[in-house]
Structure formats: C-alpha cells, structure tokens
Amino acid sequence: MTSTAIQRTAVGPAVRIRSLSKSFTSSALFSRKKIPALRDIDLEMQRGEIVALVGESGSGKSTLARCLALLETPDSGEVLVNGKDIAGLKGAAVRKYRSEVQMVFQDPFGSLNPTFRVEHILERALALHQPEIKSKRSEMAKLVSTVGLSPDVLSSFPHELSGGQRQRIAIARVLAAKPSIILADEPTSMLDVSVRIGVLNLLHKLRDEHGITILYVTHDLASARYLSDRIAVLNEGRIVESGESVQLLDHPSHPYTQLLVGAVPDPDRDSSFDAPKRAALREQIQRWSTSANLQKHIIDESSQHWVLADESEMT
Amino acid sequence: MSVPVLEVQDLTVEYVSDERAVRGADRVSFTIHSGEIFGLAGESGCGKSTIANSIMRLLKDPARISNGKVLFDGTDVLGMDEAALRAWRWNNVAMVFQSAMNSLNPVTRIGEQFIDVIRTHRGGTRAAALHRAHELLKMVRIDPVRLRAYPHQLSGGQRQRIVIAMACALNPRLLILDEPTTALDVVVQQEILEQIRELQNELGFAILFITHDMSLMLELSDRIGIMYGGRIVELAPATTLRHGSRHPYTQALLGAFPPLHGPRVKLTGLAEGTKFTNIQDLEDTGEGHWVAPSDQPVLSQGELL
C-alpha cells in the first residue's frame, strides 16, 4: 500500500456501502413479484476518487446512485457517507446531506426550469445551500467561470443555450451547494458528441481542483476508462468485477465484462464478432449469476482488481 | 466505373417559414456504388436525416428541395410522381428509421405486418408472402414461430431485427439506416450490426448508414462523409479518415471518442461555442479524399492524463 493510500484510509472513505439491497415490486393484475434491483452491494469510494459504475440498462446502476441521493430507500444494508449513516436522516440533516451530495442528471433539457434565467437558477441554489454568502453576483460569476462559461450566460434563458452549455450550468448549480460528492448519472449521453469530452474534462478538473469525489454512472466503457480511477461493473444488480480502470479493461475477468468490452465498436479490431464465443460467454454469465458459490477473487492486488466468480471455475 | 446506385448532386433543402428560410442541407453531393457502405456522420441538426428523407422523398412542408438532383440507377427520383414513387420505394430502396423498433404496429401480429408490406409493394398471395416472412426471420435468427407474436412480446433488439428484415423483404438495392442502433445497449448493437453485415453479404445491397457515433461508423463503413451545418466538410475512405483526417471538425468528432486501449491521453473535443461558418466546396486531395478548406487551426491532442 502506498503512503497516500494509508493517509486516505486514516481520514476514512467518502462513501462506504455495505451489503446494500433494493428490490422493486412489479404488480400485474393477480401477481406481485419482487424484482431485485441491487443485490448485496459493497462499494467504497475514497475522498477525491472518481468511480465509474458501468453496465447495461437495467443492471441497477442508476438505482445505486439514487439510493445514495436519498431518492430511493434501500431494503437493507448500510450506507456511510463521510462516516455517517444516511438511513433515517430527517429534516435539517437531510437538507445538509443534500448540500453534501449532489446529483447531475442525464437530461440538461429537463433539469433546468425553462421560465427562469440562469442567474435565478444559480441564485436559488446559493440561497438554499450557502445563505451566508453576501455578494451572490460575484459568486455566480465565479461559478460559471469554473464550469468554463463566460458570465454573459447569467442573463440567458436555458433554451438559449446549447446542450453542452446547459449541462455546464447544471454542474455550476451543483457546485453552488459546495458538495463533497457528485453523483453524475449519464451526464453526457444526451449531449452532442463533440462537446461530451468537454464535460468529462470539466468533471475531471473538479476532482483535481476541488477534491470532489465523483460517482460516474455510464454505459460507455470508453468514457469510463477516460474519466475514472476505478470501475465497478454491475450485472443484474451485483457488482461482478471491480478494479483500477485501465487494468480492468485490459484484463476483463468476468464473462459479462468480457462481453461488454468485446461489444464496444473499435475500428482497429480485425474480427469483430465471434458468435460461438459470444454464446459461450452468455452461458457462462448465466451459470455464474445463478451459482450458489460465488466468491471474490483477487486478480491483481495492487490495482484492487477483483472478480465475483464461481468457486469451481476459478483456478 | 459502373453506374452508381445512388447519386446525389448539389442537393439543397430549405425549411421555409414566413420570415426566413433555413438550409437543412446545402449543396450536398455524394455517390454510393453497388454493394458499398457509405456513412454520413455528424451531430444533431447537421442535416443527415434531412438528406435521408429527401432521398426517400419523405420531406413534408415546410421543407423544400430547392436545388439539386437525386439519381437512383440513373433515374431522377425528384421527378417521380406518386405512383412511380410507390413502386420505387421498398422495391428498390428501403429505410430503417431511428427508434424503428417503435414503428411496428402494436395491435397487429408481426406476420401480418410482413404480409402487408410484401403484398402492398409486390402483390402475390398471402401464402407466398408468409413464406418469404419465414425466410427473412430465419435470416435474422429469430424463430419463425414469432411471426404470431405481437411487438410488445419481443425485446427491443428483436424488434429492431424484425424491422431490418422487413426492410430487406423485397431485395432492395439500397438500404438507408438512420441511427439504427442508437436506442440499444452496446452488446445488442453489435449483434444488430453483424446481422446487417450478414444480410448485406447475402443480398448484396448498398447501405447509406447514418449515425453520430464515429467509432461505429469507422468500423462499419467503406467510405464516410462528415456533415456540419448542412454541408459535407470531409469525404474519404474510412481508413484514410481514421488516420489522416484534415478538417478540424472531423478531428474534433474523432477526438470525442476516447479509446479503449493504449495510454490515457487528454482529449479536447470541440471547444464550447466553436462555429464553422461559410464552409467552402470540397477540394480533391487525391485518393478519394475530399476536404473543405478551413482556416481554423488544426487541433493538437495527445497530452498524457
């Protein structure tokens, strides 16, 4: 363990999730069925770390982010944020928590009120989260320049801005709360491709300059590798593999991760599609996901790379 | 060279309102040869779908094709009357729309919808149409039993495959795919693309492939046109474009997709608010590589993260 890692554990992680489970009830006319969305999730995020949650739609990645944002109540398990249990927070404590943990949503078109100017949107956030600030004007100018926009945008309405600019305003509003943790749920998937990288770079900068811990939820493996320090792969509500981003994507060990990595379009790949191999992977995923004997196997100690594997198939 | 399947010359499309006209496509020219996959890439609003819709003659008011020609096998598409269009569409050129999986009729069985398409455009008996539907479903690896299913009983990927099979029903010479996989997960996306490649090998049609995902486009297409603001700014074979793009916008698009392998380098993409105005006509730089001259600086990338 390096010296910085020791220091980090001394302060304690920013987020510590222990055996978190959440299920939704689907009710048809005559039947009620519990559908597990998250199963026994363990996840730790150090301060200033960027962790990416990846998986296909329905794998539970947004649900996990929503549990952290207090938008869903987990069925069981424990979530500690900055050392404090978030279950049962009430009143002022909830408000304080919400300043601490902020969320950036996928759709910048829906998350900004179209009837107000940007200055009102930011002023409101400042008044709520940092009421002690006197000169709101200069604070707002500072916020928009942090996210890479000029102060002119303050007097614009959201519809006058491009998707990328709007997402930056949404991030500026998040910063107005002075959060220590940002939950970014697919923040770039609705943006035009050429400005996506700009928003990812902005998130990276926030971590570097303000030490903000970021949970980046995405289905895009390449952007997860680009932005995050560590990746956790979710499949059917379980974290099946986790580790340092580059190491994990270079040596995917779980069949589901292999499936995802193999499906990312890559112009340099010579043979793109191997049907029998694909079928074998799917079968293995199925076997592992129903196996009663799942164990965490360390693949590489130094990069914290582990996989949740069937005991009998790991050698 | 043989007569191209599709030839678009100087196509200009305007969206006309009381006060002003907006150019959705501006003097766009390209050709697609038999059996070729031609890609049109660009961001939302750049005119890719406008081009596709004008080739199919699907544009409605206030859009107006104000200039240019669309030639299919040498015949003028823009001059066709309604009857000729009906005979031409689907028999010669078929289109799969964005989120096409939602374009199936929810209250009719899949088989019925196949029969409808085949008999409307080519006639014949129900039995013959049903037989063809069987073949097509097998081609996209869906059990023909599913012809009795309703769309909601199938997954998104299956529905998308069915729509693609339907488009191939009458052996068109050209298939237009407008963002065929945008709403799908990566794994399903790859399977659909493989399916398209297989069908193309078997049936030999040409493809006009429209998407904003550059990595996808580079993997699938033979030649690529990059669109910006209604104009094509660069046109080149896929391999040339990947390693030797010349227009700063193309480079920004390519730079927007971080790689899955190799060292992590800082990418810049396109700076917020960068605009290209007054885009010139394409100039030939040799070997099928055409570039619109630009005075904007070429982007530099490659700083390690």
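In what follows, chains carry the letters A, B, and so on, assigned in the order in which the sequence lines appear, proteins first and then strands, with residues in each chain numbered from 1.
When every heavy atom of A:Ile197 is checked against every heavy atom of B:Pro258, the shortest pair comes out as CD1-CD, 4.2 Å. Heavy-atom minimum distance, A:Val246 versus B:Arg264: CG2-NE, 3.8 Å. Between B:Lys266 and A:Asn201, the shortest heavy-atom contact is NZ-CG, 3.6 Å.
Interatomic distance, B:Gln190 CD to A:Arg278 CZ, rounded to the nearest 0.5 Å: 4.5 Å. The structure places CG of B:Leu260 at 9.0 Å from CG of A:Asp220, a figure rounded to the nearest 0.5 Å.
For chain A, the option among B:His261, B:His212, B:Met214 with the highest count of heavy-atom pairs below 4.5 Å is B:His261.
Counting non-hydrogen atoms of neighbouring residues, nucleotides and ligands closer than 6.0 angstrom, the NZ atom of A:Lys142 reaches no more than 12 such neighbours.
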